[in-house]
Amino acid sequence: MLSKRLTEIAEMIDKNKVVFDVGSDHALLPCFLLKEGICKKVYAGEIAQGPLNKVKEAVSSYGYEGKLIPVFSDGLKDAPEDCEVIVIAGMGFYTIKHILDNCGVEKYDYFIVQSNTDVDLLRSYIAEKGYEIIDEKVVHDNFYYQIVKFRYSEDKKYSPIEIKYGPINISRMDETFVEYLNELKIRLQDINVRANKEEYRQTIREIDALLVYNVMH
Ligand code: SAM
């Protein structure tokens, strides 16, 4: 069964798009997209030969010839011209930044990115470029994962609080995001018993303000 994290990513993809999954590893997401009829064609990109061989095995095991297409590529450098939607998941922010810096974001309909680290830096990067965040999700799957969907735009602006927590997370305040904020607050309170730092107190005040706003609206 596909993990909750990858299932939530799949749900953010519109039907019949040509998807390129960067760093596909076992091609679990592409196989799910084909099996569920969400996509007719998916590229599984890999920089490493071992995972790329696993993608090739999946093609022959499931009879996905011409539908699941393995691509040996550093990020999107060798992505075919017909790709529409890009998924980059399960990597750290600096690998994701390297991929985004070298790809021509304007060529694609949208990106769905799940960074394992520094999601605030990912949103800062998106904001500095002026790109537009069009959807977000927080998923609890042993850890809290944040998924950010964005597209090319020239001048979208975000406040520092939106960059830190996510503009759509803040406007929706869905259950998992509220749970995430409450857990973050408890963790920071615990750390700050010993650390006693203003930066932690400031973050706790920010989280309280978001939670109070949620209760009042
Ligand atoms: N995307 C899957 C997921 O979210 O479960 C697999 C994530 S796996 C931890 C990371 C994969 O990304 C590895 O298979 C690695 O070889 C690949 N990778 C790392 N840097 C890459 C790059 N610059 N271009 C393509 N693939 C890359």
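Just so you know, ligand 1 is whichever comes first in the structure, and atom 1 is the first atom listed for that ligand.
Residues Gln114 and Asn116 have side chains that bring a donor and an acceptor to within less than 3.5 angstrom of each other. A side-chain N or O of Tyr152 and one of Glu154 form a donor-acceptor pair less than 3.5 Å apart. A donor and an acceptor atom, one from each side chain of Tyr165 and Glu206, are located under 3.5 Å apart. No hydrogens or angles considered: nothing links the side chains of Tyr125 and Asp118 as a donor-acceptor pair under 3.5 Å.
In this structure, His26 has no heavy atom closer than 4.0 Å to ligand 1. At least one heavy atom of Ser73 sits less than 4.0 Å from an atom of ligand 1.
The single protein non-hydrogen atom nearest to atom 18 (N) of ligand 1 is Ile47 CG2, 3.7 Å, given as residue, atom name and distance. Of all protein heavy atoms, the one closest to atom 4 (O) of ligand 1 is Arg5 NH1, 2.8 Å. Atom 7 (C) of ligand 1 has its closest protein heavy atom at Ala89 O, 3.7 Å. Here the heavy atom of the protein found nearest to atom 23 (N) of ligand 1 is Asp74 OD1, 2.8 Å.
Where the criterion is an N or O separation shorter than 3.5 Å, residue side chain and backbone included, Asp21 fails it with respect to ligand 1. No N or O atom of Leu6 sits closer than 3.5 Å to an N or O atom of ligand 1. Of the N or O atoms in Glu46, one or more lie within a sub-3.5 Å distance of an N or O in ligand 1. When only interatomic distances are considered, the shortest N/O to N/O separation between Thr95 and ligand 1 does not fall below 3.5 Å. Where the criterion is an N or O separation shorter than 3.5 Å, residue side chain and backbone included, Gly23 meets it with respect to ligand 1. Remark: ligand 1 and Gly45 share no N or O pair separated by less than 3.5 Å (distance only, no angle test).
Close contacts of ligand 1 with Gly75, meaning ligand atoms under 4.0 Å from a residue heavy atom, involve 22 (C), 23 (N), 24 (N), 25 (C). Atoms of ligand 1 lying under 4.0 Å from at least one heavy atom of Pro51, given by number and element, are 14 (O). Close approach of ligand 1 to Met91 (heavy-atom distance below 4.0 Å) involves ligand atoms 12 (O). In summary, the atoms of ligand 1 found under 4.0 Å from a heavy atom of Ala48, numbered by their order in the structure, are 16 (O). Those atoms of ligand 1 that come under 4.0 Å of a heavy atom in Gly90, given as number and element, are 4 (O), 7 (C), 9 (C). Listed by atom number, the atoms of ligand 1 under 4.0 Å from Asp25 heavy atoms are 6 (C), 14 (O).
Here the side chain of Glu84 pairs no donor or acceptor atom with the backbone of Asp109 at under 3.5 angstrom. At least one donor-acceptor pair under 3.5 Å links the side chain of Asn192 to the backbone N or O of Lys197. In this structure, the side chain of Arg123 does not engage the main chain of Pro167 through any donor-acceptor pair within 3.5 Å. The main-chain N or O of Asp25 is found under 3.5 Å from a side-chain atom of Glu46 such that the two form a donor-acceptor pair.
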Could you list the donor-acceptor pairs under 3.5 angstrom formed by side chains in residues 31-44, with sequence neighbours left out?
{"unit_1": "Lys40", "atom_1": "NZ", "unit_2": "Asn16", "atom_2": "OD1", "d": "3.0"}
{"unit_1": "Lys41", "atom_1": "NZ", "unit_2": "Tyr43", "atom_2": "OH", "d": "3.3"}
{"unit_1": "Lys41", "atom_1": "NZ", "unit_2": "Asp82", "atom_2": "OD2", "d": "2.6"}
{"unit_1": "Tyr43", "atom_1": "OH", "unit_2": "Asp82", "atom_2": "OD1", "d": "2.8"}
{"unit_1": "Tyr43", "atom_1": "OH", "unit_2": "Asp82", "atom_2": "OD2", "d": "3.3"}

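Residue pairs meeting the ring pair (Phe, Tyr, Trp, His ring centres under 6.0 Å) criterion with at least one member in residues 169-202, sequence neighbours excluded, are Tyr144-Tyr180.
Pairing each heavy atom of His98 with each of Lys77, the nearest pair is CE1-NZ, 4.1 Å.
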